[in-house]
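Every chain is numbered from 1, with letters handed out A, B, ... down the list of sequences.
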There are 4 protein chains.
Amino acid sequence: MSKEQKKTEIFRAARKVFYIKGFEGTKMEDIAKEAGIGKGTVYEYFESKKQLFEETVVYSCEEQGRIIQDILERGSSLKEKIRALAKCQAEMIKEHMPIVRMMACSKIIAREMGAVFMEHNIRVGEIIKKQILQAIDQGEVRAEINPEIASAAIMGTIMQYFGKKMICTEAMPEEADYDKIVQVLMSGIGNETG
Amino acid sequence: MSKEQKKTEIFRAARKVFYIKGFEGTKMEDIAKEAGIGKGTVYEYFESKKQLFEETVVYSCEEQGRIIQDILERGSSLKEKIRALAKCQAEMIKEHMPIVRMMACSKIIAREMGAVFMEHNIRVGEIIKKQILQAIDQGEVRAEINPEIASAAIMGTIMQYFGKKMICTEAMPEEADYDKIVQVLMSGIGNETG
Amino acid sequence: MSKEQKKTEIFRAARKVFYIKGFEGTKMEDIAKEAGIGKGTVYEYFESKKQLFEETVVYSCEEQGRIIQDILERGSSLKEKIRALAKCQAEMIKEHMPIVRMMACSKIIAREMGAVFMEHNIRVGEIIKKQILQAIDQGEVRAEINPEIASAAIMGTIMQYFGKKMICTEAMPEEADYDKIVQVLMSGIGNETG
Amino acid sequence: MSKEQKKTEIFRAARKVFYIKGFEGTKMEDIAKEAGIGKGTVYEYFESKKQLFEETVVYSCEEQGRIIQDILERGSSLKEKIRALAKCQAEMIKEHMPIVRMMACSKIIAREMGAVFMEHNIRVGEIIKKQILQAIDQGEVRAEINPEIASAAIMGTIMQYFGKKMICTEAMPEEADYDKIVQVLMSGIGNETG
DNA sequence: TATGAATGAGACTTCATTCAT
DNA sequence: TATGAATGAAGTCTCATTCAT
């Protein structure tokens with residue numbers, strides 16, 4: 001196995017444990033066990049716990065960024081894209097605990113992480129914003145809509161609803177959920193005729 | 001100073017430090033210093049770090065719950081209530097770091113905290129949901145809207161937008177922001193005429 | 001209550017707790033509670049825990065010395081005296097845990113206590129030895145017997161037998177026990193005719 | 001070095017320090033230093049101070065039991081056995097501080113140790129008692145002698161005399177001492193002709 | 001290269017002692 | 001005089017890191 005492959009394996013193990021236990025709550029031994037290697041071996045690939053954490057965040061962010069980018073490029077309408085994004089997020093929440101947790105917990109050493117984390121957050125926002133702008137061009141979104149807020153609404157609604165639903169009920173979202181989210185986001189909740 | 005007052009002082013100090021550093025990253029001495037007392041004194045009021053953390057979460061949740069309840073009862077229309085809620089959240093994010101952080105970090109010891117945390121999360125969701133139902137009755141929100149999702153959309157959008165904005169720019173939201181959020185939430189982003 | 005009376009009350013409380021928990025295992029608060037006073041009050045009478053301990057040992061030793069002296073002076077024959085001594089020791093073991101424990105545990109800070117403790121041990125030995133010499137004079141004990149060893153045999157046998165019996169069975173010794181001890185000590189266990 | 005050998009090394013270091021300073025008076029670092037290892041290493045072999053103490057007592061008791069058993073089986077007459085036992089105890093007192101101290105100090109956490117300690121105490125008593133019964137059979141000890149008391153007399157006299165002598169004078173017992181002890185125990189101190 | 005036994009800095013916690021009331 | 005809230009030194013224990021194998 002190449003050095004790079006091994007690092008990736010450690011990243012995946014580290015991410016899993018950091019997600020669950022947070023930075024300070026994670027023991028290097030936990031990560032080593034999760035990766036199925038010896039404690040000392042981790043130090044062959046990473047200088048310190050802090051470095052491993054930082055690189056794990058970078059790795060995770062980049063991976064997530066790539067996945068989201070892919071997802072969004074594949075959809076044709078914004079509605080479809082929102083559905084796809086929601087599904088992707090649900091999958092992520094399910095697969096390795098809410099990314100929210102990672103993000104929030106990464107604040108633990110926010111001062112050091114600052115740049116990396118912000119950069120990622122902005123990147124995902126930008127990706128969604130770009131889709132919004134495209135959708136405005138195509139007449140799918142009203143021109144007067146602020147793309148920043150639209151982007152926040154999309155991401156925020158998805159995360160809040162699925163986060164809560166999946167944590168509370170430990171059930172996966174159903175197809176109907178996606179429809180309702182798209183509806184709320186596209187048409188709002190207000191009664192224009194009222 | 002009464003025993004209860006002293007506990008409250010420690011709660012406020014503890015919350016501040018836990019917010020910034022997370023559970024494991026916080027030293028009891030940090031909290032003591034923040035509260036302007038000796039390390040041993042904290043142990044006169046709380047049996048252990050874990051107990052202090054749990055009670056701090058309860059305290060914070062209850063306080064936040066009370067504040068949100070007050071805020072929402074004061075507004076007359078849902079639009080006003082959303083604005084008020086957004087202002088309140090912005091204030092909170094500013095005042096003592098995003099509650100999101102607290103909540104997310106509290107997951108670190110989720111197993112033990114379980115009930116308390118879920119209860120709070122559900123409580124805030126319920127408070128907003130009730131407002132939605134009321135707004136449906138009053139014809140302000142469309143009847144076919146799912147109140148769960150509407151509630152998630154409101155909370156999620158506010159948190160996502162202000163969280164990002166305030167963390168990135170460290171600036172307070174402007175009045176215009178509230179208008180735009182209300183607009184997006186009430187009317188959606190879709191171009192119905194398109 | 002006079003200062004001296006109060007000190008005596010604290011001595012009795014301290015002895016009780018020190019017996020059970022040893023020097024390091026005893027908290028000043030335990031002693032204060034046992035004496036029915038406040039923690040700070042103990043410091044009105046004793047400068048430190050160590051001083052209190054040392055004075056408590058002195059107090060206990062002197063009290064025990066006085067009691068043993070009394071006991072031994074009252075008996076007329078050595079047999080009677082051994083019986084009385086055994087009864088007295090049994091009472092002591094019962095009343096406030098084996099003095100052995102005190103003595104042994106006091107070794108914890110043996111370096112500091114040295115003199116006091118040794119002095120007491122020697123004093124009791126001397127008291128018994130004097131009785132032996134008297135008994136030799138009166139023809140009750142054989143002249144060739146070494147008084148040091150006789151003294152050790154008396155004390156050792158009593159402590160070992162009752163200590164074990166009372167700790168194991170938590171029962172008080174019976175009259176017959178005293179007879180048997182006296183017999184073993186006076187006549188030995190050997191079969192001279194054998 | 002095998003794991004078991006290392007544990008034994010720690011046992012010996014722990015016993016030495018516990019003997020001198022008692023349970024509460026002993027620091028884990030003291031034991032580590034005595035064993036010539038790091039503080040953390042002790043925790044590789046024992047979960048906690050309490051566990052180490054308990055296992056050390058068990059180890060010590062078992063070792064002592066084995067030694068005493070050996071000693072007693074080797075002698076032919078009871079007189080010889082008493083001499084051997086006395087020598088063995090003197091050696092023990094000298095070698096690693098009076099076992100009495102250990103036993104007595106172990107009472108500090110008597111509740112937890114209970115079974116182990118009592119078991120040992122009884123075991124040694126039983127070993128001696130068996131020798132007494134044998135000696136009665138062989139006509140060396142009078143038939144009417146109570147073996148319990150005889151056993152207590154032997155152990156008690158030896159411990160009391162040597163304990164005091166060695167602590168006071170820090171000198172080893174002489175050959176003559178053993179003779180006198182045997183004499184007192186076998187023939188008693190009484191003047192039968194008197 | 002891979003390992004895990006060994007380490008010791010640093011955390012949580014206890015408790016002797018102080019001191020304002 | 002009597003108290004107990006407050007304190008911080010010091011102990012137990014954890015775990016990131018090292019290094020001999």
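- Heavy-atom nearest nucleotides on DNA chain F were determined for Thr41(C) and for Lys49(D), and the one closer to the 5' end corresponds to Thr41(C).
- Residues Ser48(A) and Met28(D) both approach DNA chain F. Their nearest nucleotides, taken by heavy-atom distance, put Met28(D) toward the 5′ side.
- When the C1' atom of dG10(E) is taken as reference, atom CD of Glu29(B) falls 11 Å away, rounded to whole Å.
- Ion pairing between a basic and an acidic side chain is recognised when a charged N comes within 4.0 Å of a carboxylate O; Lys7(B) and Glu55(B) show such pairing.
- Ring-plane geometry between Phe23(A) and Phe18(A) is classed as parallel, the angle between the planes falling under 30 degrees on a 0 to 90 degree scale with a further cut at 60.
- Counting any heavy atom pair closer than 4.0 Å across all strands shown, Phe46(D) reaches no nucleic acid atom.
- One atom, NZ of Lys27(B), and another, P of dG10(E), lie 9 Å apart when rounded to the nearest Å.
- Taking the ring centroids of Phe11(C) and Phe46(C), they lie under the 6.0 Å cut-off.
- Base pairing annotation: dA20(F) forms a Watson-Crick or G-U wobble pair with dT3(E), both donor-acceptor distances under 3.5 Å.
- Chain A approaches DNA chain F over the interval dC15(F) to dT18(F), counting the first and last nucleotide 5' to 3' with an atom under 4.0 Å from its heavy atoms.
- Of the residues near DNA chain E, Tyr45(A) and Gly40(C), the one whose nearest nucleotide (by heavy atom distance) lies more toward the 5' end is Tyr45(A).
- A distance of 11.0 Å separates NZ of Lys39(C) from OG1 of Thr41(C), quoted to the nearest 0.5 Å.
- Taking every heavy atom of both residues into account, Gln51(B) and Glu47(B) meet most closely at OE1-N, 3.2 Å.
- Within the nucleic acid shown, Lys3(B) has no heavy atom closer than 4.0 Å to any nucleic acid atom.
- Across all strands shown, dG8(E) forms a Watson-Crick or G-U wobble pair, both distances under 3.5 Å, with dC15(F).
- Between Ala32(D) and Val42(D), the closest heavy-atom pair is CB-CG2, 3.9 Å.
- In this structure, Lys39(B) reaches the bases: a heavy-atom distance under 4.0 Å links it to at least one base atom across the strands shown.
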